[in-house]
Amino acid sequence: MSYDDTTPPRWEMTVAEARTVQQELRERLIAHPPAGFAPRWIAGADVSMERFSHFGHAALVVLDAQTLAVAETATAEEELRFPYVPGYLSFRELPPLHACWERLAAKPDLVVFDGQGYAHPRRFGLACHGGVLWDVPTIGCAKTLLVGEHGELGMERGDTAPLIHKDEVVGMAVRTRDGTKPVYVSAGHRMDLATAVEWVLRLSRFRLPETTRHAHAVVNDLRRARKTE
DNA sequence: GCGACAG
DNA sequence: ATCTTGTCGC
């Protein structure tokens, strides 16, 4: 596997090949944030698509970590080649997100993905793959579970419950807002669970982090614009 | 074989 | 992910 910064990633492959790629790349995962981790620019990533189409709309929206104001937005629209197969989401969404990444004038210090990181059957979800690809700290923050289970957690913002899969803590169910369903946080690359949970809470005013809310709004606008043309 | 299954 | 209006509640 390359990801050498000079050769464009090769995305065309079968699910079986993708599985091998995950097993190889997961060896590169760094399970802790950089020393003195204090991100100033944080990006949200998301992809949306049309009902009976393979066309995808992707966006990376960078926010100022202190004010949560939007600093830069990069978008890409292209055919999604890889099918949606649970456990292989990164091979479907990273191609357009990578195009967004290359278009960013200034790279963020942290990226929050709309999906799992380490809480994955082979411990290499979307956030892990994106982090290794770009060599940047990443966090996975999903709305629903892919694998694992957790006990009850309090109903107040900040309450948590460890997410367990095969006797291993792979993530955390986190209540980001009083009385709402929890989100599922897991470490991506150059990240640990405690730091991931800390940042997701810091970025959340509503159920989902502001980063993903902004990215979501951008990709939905793109899709509607394309549909109306 | 059966059920589960990020977006 | 997407298809879809109103409605209940803070």
Side-chain angles (χ1 to χ4, degrees), chain A residues 11 15 18-19 22 25-26 44-61 75-98 100 111-131 133 138-150 155-157 163-166 170-189 191 193 196 200 204-209 211-228:
Chain A
W11 299 110
V15 171
R19 188 188 182 97
Q22 292 179 325
L25 293 181
R26 74 180 172 188
D46 196 23
V47 177
S48 77
M49 56 175 289
E50 281 155 45
R51 179 113 115 138
F52 298 116
S53 165
H54 284 177
F55 206 74
H57 308 268
L60 277 177
V61 180
T75 66
E77 303 177 277
E78 61 182 58
E79 200 74 23
L80 300 181
R81 307 283 185 154
F82 205 90
Y84 169 67
V85 181
Y88 300 88
L89 181 63
S90 64
F91 295 88
R92 179 175 176 75
E93 300 199 341
L94 280 182
L97 286 175
H98 185 55
C100 294
V111 180
V112 179
F113 285 84
D114 187 20
Q116 317 291 345
Y118 193 77
H120 177 277
R122 287 167 297 287
R123 310 294 182 255
F124 201 72
L126 174 63
C128 298
H129 197 161
L133 173 61
T138 59
I139 290 171
C141 182
K143 298 180 292 299
T144 62
L145 286 175
L146 173 58
V147 297
E149 48 191 42
H150 65 83
M155 290 300 281
E156 290 179 26
R157 168 183 164 80
L163 177 62
I164 311 295
H165 181 236
K166 295 187 172 178
V170 297
M172 193 78 84
V174 180
R175 193 86 65 188
T176 50
R177 196 179 193 199
D178 291 2
T180 61
K181 294 187 301 180
V183 293
Y184 303 96
V185 180
S186 58
H189 183 51
M191 183 58 53
L193 184 54
V200 164
S204 302
R205 287 177 28 73
F206 300 103
R207 182 182 176 230
L208 300 178
T211 38
T212 56
R213 282 166 48 80
H214 277 288
H216 214 282
V218 169
V219 296
N220 281 325
D221 283 347
L222 284 177
R223 180 164 52 77
R224 291 166 195 147
R226 168 61 65 114
K227 199 170 185 176
T228 305

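In what follows, every chain begins at residue 1, and chains take the letters A, B, ... in the order their sequences are listed. Model, not experiment: these values are computed from the prediction.
Here A/His216 reaches the OP1 or OP2 of C/dA1: one of its side-chain N or O atoms lies under 4.0 Å away. For A/Asn220 and C/dT2, the shortest distance from a side-chain N or O to OP1 or OP2 is below 4.0 Å. Using a 4.0 Å cut-off, some side-chain N or O of A/Thr144 falls inside it from OP1 or OP2 of B/dG7. Regarding contacts with the backbone of B/dA6, every side-chain N or O of A/Lys143 stays at 4.0 angstrom or more from both OP1 and OP2.
In this structure, A/Tyr184 does not pack face-to-face on the six-membered ring of B/dA6, missing the 5.5 Å centre cutoff or the 30° plane limit.
The side chain of A/Leu146 lies closest to B/dC5 when the candidates are C/dC3, B/dC5, B/dG7. Checking B/dA6, C/dT2, B/dG7 against the side-chain heavy atoms of A/Ser48 singles out C/dT2 as nearest. Comparing C/dC3, B/dG7, B/dC5 by their closest approach to the side chain of A/Ala142 singles out B/dG7.
Here the rule is side-chain contact (heavy atoms from CB on, under 4.5 Å) with A/Arg223, and of A/His57, A/Arg51, A/Glu77 only A/His57 fits it. When the options A/Thr211, A/Leu97, A/Ile139, A/Asp46 are evaluated for a side-chain contact (heavy atoms from CB on, under 4.5 Å) with A/Phe113, the one that passes is A/Leu97. For the side-chain contact (heavy atoms from CB on, under 4.5 Å) test with A/Tyr88, the passing option among A/Arg122, A/His129, A/His120, A/Glu93 is A/Arg122; the others fail.
Following rounding to the nearest Å, A/Met49 (CE) and C/dT2 (P) show an atom-to-atom distance of 8 Å. Rounded to a whole Å, the CG atom of A/Leu80 is 17 Å from the P atom of B/dA6. Following rounding to the nearest Å, A/Tyr84 (OH) and C/dA1 (C1') show an atom-to-atom distance of 9 Å. For the pair A/Glu50 CD and C/dT2 C1', the computed distance is 10 Å after rounding to whole Å. If you measure from atom CZ of A/Phe91 to atom P of B/dG7, you get 18 Å, rounded to the nearest angstrom. Separating the NZ atom of A/Lys181 from the P atom of B/dA6 is a distance of 13 Å, rounded to the nearest angstrom. Nucleotide B/dA6 holds its P atom 13 Å from the NE2 atom of A/His165, rounded to whole Å. Between the CD atom of A/Glu93 and the C1' atom of B/dA6 there is a distance of 9 Å, rounded to whole Å.
No more than 12 heavy-atom neighbours from other residues, nucleotides or ligands sit within 6.0 angstrom of CD on A/Glu149.
Using modelled atom types, one side-chain atom of A/Arg207 and one backbone atom of A/Lys143 make a donor-acceptor pair closer than 3.5 Å. Formation of a donor-acceptor pair under 3.5 Å by the A/Thr176 side chain with backbone atoms of A/Leu208 is not found in this model. Remark: the backbone N or O of A/Thr180 is paired with a side-chain donor or acceptor of A/Arg175 at under 3.5 angstrom. When atom types are taken as modelled, the side chain of A/Arg92 and the backbone of A/Phe82 share a donor-acceptor pair closer than 3.5 angstrom.
For the strand DNA chain C, secondary-structure stems (runs of at least three Watson-Crick or G-U pairs, all distances below 3.5 Å) are absent.
By the 4.5 Å heavy-atom criterion applied to side chains, A/Asp178 and A/Glu156 are counted as neighbours.
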Original post:
Going 5' to 3' along nucleotides 5-10 of chain C, which nucleotides have protein heavy atoms under 4.0 Å from the base (write B), which only from the sugar-phosphate (write S), and which from neither (write -)?
Top reply: ------
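Here A/Phe55 lies out of heavy-atom contact (under 4.0 Å) with every strand. In this structure, A/Gly87 reaches the bases: a heavy-atom distance under 4.0 Å links it to at least one base atom across the strands shown.
Counted by atom type alone, A/Tyr118 and A/Arg26 present zero donor-acceptor pairs between their side chains at under 3.5 Å.
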